[in-house]
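Here the structure comes first, spelled out in structure tokens, and everything after it is commentary.
Below, chains carry the letters A, B, ... as their sequence lines are ordered, and counting in each starts from 1. This structure is a prediction, so every number in the text was calculated from the model and none was measured.
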Number of protein chains: 2
Amino acid sequence: MTNTVSLLKEHNLRNTEARVAVLNTFMVQPHALSHGDIEREVGEQFDRVTIYRTLTSFMEKGLLHKVPVDDGSTRYALCDHCDHHQHEDNHIHFKCTVCGTTQCLDELPIPQVKLPQGFTLTETNFLVQGVCKGCNG
Amino acid sequence: MTNTVSLLKEHNLRNTEARVAVLNTFMVQPHALSHGDIEREVGEQFDRVTIYRTLTSFMEKGLLHKVPVDDGSTRYALCDHCDHHQHEDNHIHFKCTVCGTTQCLDELPIPQVKLPQGFTLTETNFLVQGVCKGCNG
DNA sequence: GTTTATGCAAATTCTTTGCAATACT
DNA sequence: AGTATTGCAAAGAATTTGCATAAAC
């Protein structure tokens, strides 16, 4: 089963209330979340600092990855195929310019890139901006 | 001629010392810069707040665009073909995980994406991470 | 002369750190 | 029991705002 508790265990993270709450937020929300987003969601129950540290732990254990955005916020999304050695985040992120949310378009693979001589690749991120289905409807 | 002063004029920005200095930094540096980067460069001469406001003005007038990164900093790069109606930033950004700089790989075009039904596209950004030529050398 | 930009001070917001108390395994 | 996590306080960055002065057009 792939519920919150077992996901934590699989990633060598202790099962605590705060972690379950934060992880749950990611599983319910379909888009990339910032610290602020999560604080708004579960902030009544847990300290701001705990949320910061939870996000850091999740990153380190390969449960979350950072999503590149252009507004100066740090945003995270659930890893699909990441482990704690390497983050692999091979799908397109879509940021809606109307509602401001960033979501993962898992269906669409990122096209290959051929870098110039001398460059080594470890990770690719594709961010597309526009208007999402909901806001276009 | 495409020097700093005329670039400012073309974008309806008053010619001031601070703006020339900030714009110059972008023209000299080949990669995406944060507020902090610029402050380190010209910070002795101008107030921190002035630099913030300069970056904002440059954005509004279509001289700079934001570059998506995943470290929670806001980074800017010179627009090539942007105007103040729409930002167009059609090349790949490369972030070196060793030296930490982000540069534009102007030669490489961004591949086309076909979005799902209902999505409208206005801008695409491709961020590649790895090790750059200099750090591999 | 009118409009816009700057510097300074101060307020907000964001993020990190230390440490004692608590909870997990 | 032993180790990791939490909350609180506090420090440190990053960013924004108001207002009087100065500079650009």
Taking only the side-chain heavy atoms of [X] (C-beta and beyond), determine which of [options] contains the nearest atom.
| X | options | value |
| --- | --- | --- |
| B:Thr50 | D:dG7, D:dT17, C:dT6 | C:dT6 |
| A:Arg14 | C:dT25, D:dA24, C:dA9 | C:dT25 |
| B:His35 | C:dC8, D:dA24, D:dT15 | D:dT15 |
| A:Thr74 | C:dT15, C:dA5, D:dT5 | C:dT15 |

Starting at atom [atom1] of [X], determine the distance to atom [atom2] of [N], rounded to an integer number of angstrom.
| X | N | atom1 | atom2 | result |
| --- | --- | --- | --- | --- |
| B:Lys61 | C:dT4 | NZ | P | 9 Å |
| A:Asn12 | C:dC24 | CG | P | 17 Å |
| A:Tyr52 | D:dT5 | OH | C1' | 18 Å |
| B:Met59 | D:dT16 | CE | C1' | 16 Å |
| B:Arg48 | D:dT16 | CZ | P | 13 Å |
| A:His11 | D:dA4 | NE2 | P | 19 Å |
| A:Glu60 | D:dT5 | CD | C1' | 13 Å |
| B:Arg53 | C:dA9 | CZ | P | 14 Å |

Item to complete: Taking A:Asp70 for its side chain and B:Lys66 for its backbone only, find out whether a donor-acceptor pair lies under 3.5 Å.
Response: no

Worksheet item: Which comes earlier along DNA chain D counting from the 5' end, the contact point of B:Gly72 or that of A:Val49, where each point is its nearest nucleotide?
Response: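 Its nearest nucleotide lies further toward 5', so the answer is A:Val49.
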
Discussion item. Need to verify one output field. Residue with the more 5' nearest nucleotide on DNA chain D, B:Gly36 or B:Leu13?
Written reply: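 On the 5' side of the pair lies B:Gly36.
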
Practice prompt. Would you give the length of the straight line joining atom CG of A:Asn15 to atom CG of A:Leu7, rounded to the nearest 0.5 angstrom?
Written response: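 With rounding to 0.5 Å, CG (A:Asn15) is 11.5 Å from CG (A:Leu7).
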
Item to complete: Return the orientation label for the B:Phe119 and A:Phe94 ring planes: parallel under 30°, perpendicular over 60°, tilted otherwise.
Response: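 Rings of B:Phe119 and A:Phe94: perpendicular, over 60°.
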
Item to complete: Provide the closest heavy-atom pair for B:Leu78 versus B:His65 in the form atom of the first, atom of the second, distance.
Response: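 That would be O-CE1, 3.2 Å.
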
Discussion item. Would you say B:Thr16 places a side-chain N or O within less than 4.0 Å of OP1 or OP2 belonging to C:dT6?
Written reply: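 So the side chain of B:Thr16 is within the cut-off, an N or O lying under 4.0 Å from OP1 or OP2 of C:dT6.
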
Item to complete: Could you tell me whether the phosphate oxygens of C:dA5, OP1 or OP2, come under 4.0 Å of any side-chain nitrogen or oxygen in B:Arg19?
Response: yes

Worksheet item: Would you say the side-chain atoms of A:Arg14 and A:Thr16 include a donor-acceptor pair closer than 3.5 Å?
Response: no

